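Heavy atoms only: backbone and side chains are in, while hydrogens, waters and symmetry mates are out. As the structure is a computational prediction, the values presented were derived from the model and not from experiment.
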There are 2 protein chains.
Amino acid sequence: MNSLFKALSHPVRRRIIEMLRTRPLTSGDIAAAFDMAWPTVTGHLNTLKDAGLVEVEREGASMRYRLNISAVEEALAFLMDLARAGEPASDALTSKEKPS
Amino acid sequence: MNSLFKALSHPVRRRIIEMLRTRPLTSGDIAAAFDMAWPTVTGHLNTLKDAGLVEVEREGASMRYRLNISAVEEALAFLMDLARAGEPASDALTSKEKPS
DNA sequence: GAACTAATTAGGCCTTTTCCTAATTAGTTC
DNA sequence: GAACTAATTAGGAAAAGGCCTAATTAGTTC
């Protein structure tokens with residue numbers, strides 16, 4: 001959960017996942033979209049991968065990155081619960097064990 | 001938007017906003033919940049305030065912090081849009097100007 | 001107003017993050 | 001397999017983040 005929000009905390013990384021929203025892209029496609037060195041983009045992609053936000057697959061000489069929606073939904077669940085301020089917290093997010 | 005996700009990227013700060021979900025609390029209440037120096041907690045509260053996630057109000061000698069839901073909803077909107085992968089992006093988040 | 005409570009700002013140290021260039025690995029093509 | 005394309009890992013400098021103690025501000029109480 002922490003690496004997830006950490007990964008979302010950088011504008012370049014958020015932009016990358018926005019780019020992946022509609023379709024998978026290669027490292028090259030992504031690197032070309034930013035005014036920074038390619039290894040820097042690779043670093044951001046690794047951060048996203050470690051957080052589970054993207055998945056990678058080799059495709060010939062290229063690497064194809066795709067968005068992993070379920071990781072997005074995890075972050076979403078945290079914020080949704082917050083947005084219901086005042087109501088009781090959802091079990092899924094706060095309880096440590098089953099009710100007796 | 002960036003300061004918003006930055007603020008959400010630290011576990012202590014996420015815990016603080018969880019604590020504020022049900023009701024406003026004073027600095028003292030919040031600081032007491034963590035095993036760290038009070039000024040460190042103040043620092044986190046300032047980060048949350050700068051991001052618009054909390055609002056502060058003096059109450060006698062104390063400061064009362066409350067969650068600002070609309071900031072949470074802003075982050076929520078970003079993630080919701082992502083979660084609809086494949087579909088066209090929402091105008092609210094991507095368009096720079098009105099359609100002709 | 002002196003003493004006490006609540007909380008903040010200031011300053012410094014250490015760690016992590018971010019970015020770069022250079023070197024390396026993996027795959028394709030002739 | 002040499003040359004080329006695609007992308008990564010390595011190493012290091014600069015900036016940002018997180019935490020602490022000490023000092024300060026703001027408010028209350030006697």
*Assign B:Phe34 to base, sugar-phosphate, or nothing according to its heavy-atom contacts below 4.0 angstrom with the strands shown.*
nothing
*Ignoring the backbone of A:Pro39, work out which of D:dT21, C:dA22, D:dT28 is nearest its side chain.*
C:dA22
*asked:* The side chain of A:Thr40 is closest to which nucleotide in this list: C:dC19, D:dA7, C:dA6?
replied: C:dC19
*Let me see the working for A:Met63 and A:Glu57 under side-chain contact (heavy atoms from CB on, under 4.5 Å), right down to the final yes or no.*
CA-CA 6 Å; A:Met63 302 295 271; A:Glu57 187 183 15; over 6 Å; no
*Which whole-number value in Å describes the distance from B:Arg64 CZ to D:dG27 P?*
16 Å
_Whole-Å distance separating the CD1 atom of B:Ile30 from the P atom of C:dA6_ = 15 Å
*Of A:Ser9 and B:Thr42, whose closest DNA chain C nucleotide lies nearer the 5' terminus?*
B:Thr42
*Without hydrogens or angle criteria, can the side chains of B:Thr26 and B:Asp29 be said to hold a donor-acceptor pair below 3.5 Å?*
yes
*Look at A:Tyr65 and D:dT8 and indicate whether a side-chain polar atom (N or O) is within less than 4.0 Å of OP1 or OP2.*
yes
*asked:* Distance check needed: C:dT25 C1' versus A:Trp38 CH2, whole Å only.
replied: 14 Å
*So does A:Arg13 get a side-chain nitrogen or oxygen closer than 4.0 Å to the phosphate oxygens (OP1/OP2) of C:dT18?*
yes
*Select base, sugar-phosphate, or nothing to describe what B:Thr26 touches, counting heavy atoms under 4.0 Å on all strands.*
sugar-phosphate
*For B:Asn68 and B:Glu55, indicate whether the former's side chain and the latter's backbone hold a donor-acceptor pair under 3.5 Å.*
no
_Between P of C:dA6 and CD of B:Glu57, the distance in whole Å_ = 18 Å
*How is A:Ser62 classified with respect to the nucleic acid when contacts are heavy atoms under 4.0 Å: base, sugar-phosphate, or nothing?*
sugar-phosphate
_So if I take every side-chain heavy atom of A:Ala37 and compare against D:dA6, C:dT21, D:dT9, which nucleotide ends up nearest?_
C:dT21
_From the set D:dT8, D:dG27, C:dC19, return the single nucleotide nearest to any side-chain atom of B:Arg58._
D:dG27
*Rounded to the nearest angstrom, tell me the gap between atom CE in A:Met36 and atom P in C:dT18.*
10 Å
*Do any side-chain nitrogens or oxygens of A:His44 fall under 4.0 Å of OP1 or OP2 in C:dT17?*
no
*For the side chain of A:Lys6, starting at C-beta, report the closest nucleotide among C:dC19, D:dG18, C:dT17.*
C:dT17
*Which is it for B:Arg66 and B:Val54 under the side-chain contact (heavy atoms from CB on, under 4.5 Å) test, yes or no, and what are the steps along the way?*
CA-CA 5 Å; B:Arg66 76 182 62 250; B:Val54 303; over 6 Å; no
*Pick from A:Leu67, A:Thr47, A:Leu45: which one makes a side-chain contact (heavy atoms from CB on, under 4.5 Å) with A:Ile16?*
A:Leu45
*Report the relative orientation of the aromatic rings in A:Phe78 and A:Phe5; use parallel for angles under 30°, tilted for 30 to 60°, perpendicular for over 60°.*
perpendicular
_Checking base pairs now: Watson-Crick or wobble, both atom distances under 3.5 Å. What partners D:dT25?_
C:dA6
_Any A:Asn46 side-chain nitrogen or oxygen under 4.0 Å from OP1 or OP2 of D:dA7_ = no
*To the nearest Å, give me how far apart NZ (A:Lys49) and C1' (D:dA7) are.*
12 Å
_Candidates C:dT28, D:dC19, C:dT8 - which lies nearest the side chain of A:Ala61_ = C:dT28
*Atom-pair distance (CG on A:Leu8; C1' on C:dT17), nearest Å*: 16 Å
*Just how far, in rounded Å, is P of D:dG18 from CZ of B:Arg14?*
11 Å
*For D:dA15, what is the paired nucleotide under Watson-Crick or G-U wobble rules, both distances under 3.5 Å?*
C:dT16
*Could you check whether B:Ser27 gets within reach of a base, just the sugar-phosphate, or nothing at all, counting any heavy atom under 4.0 Å?*
sugar-phosphate
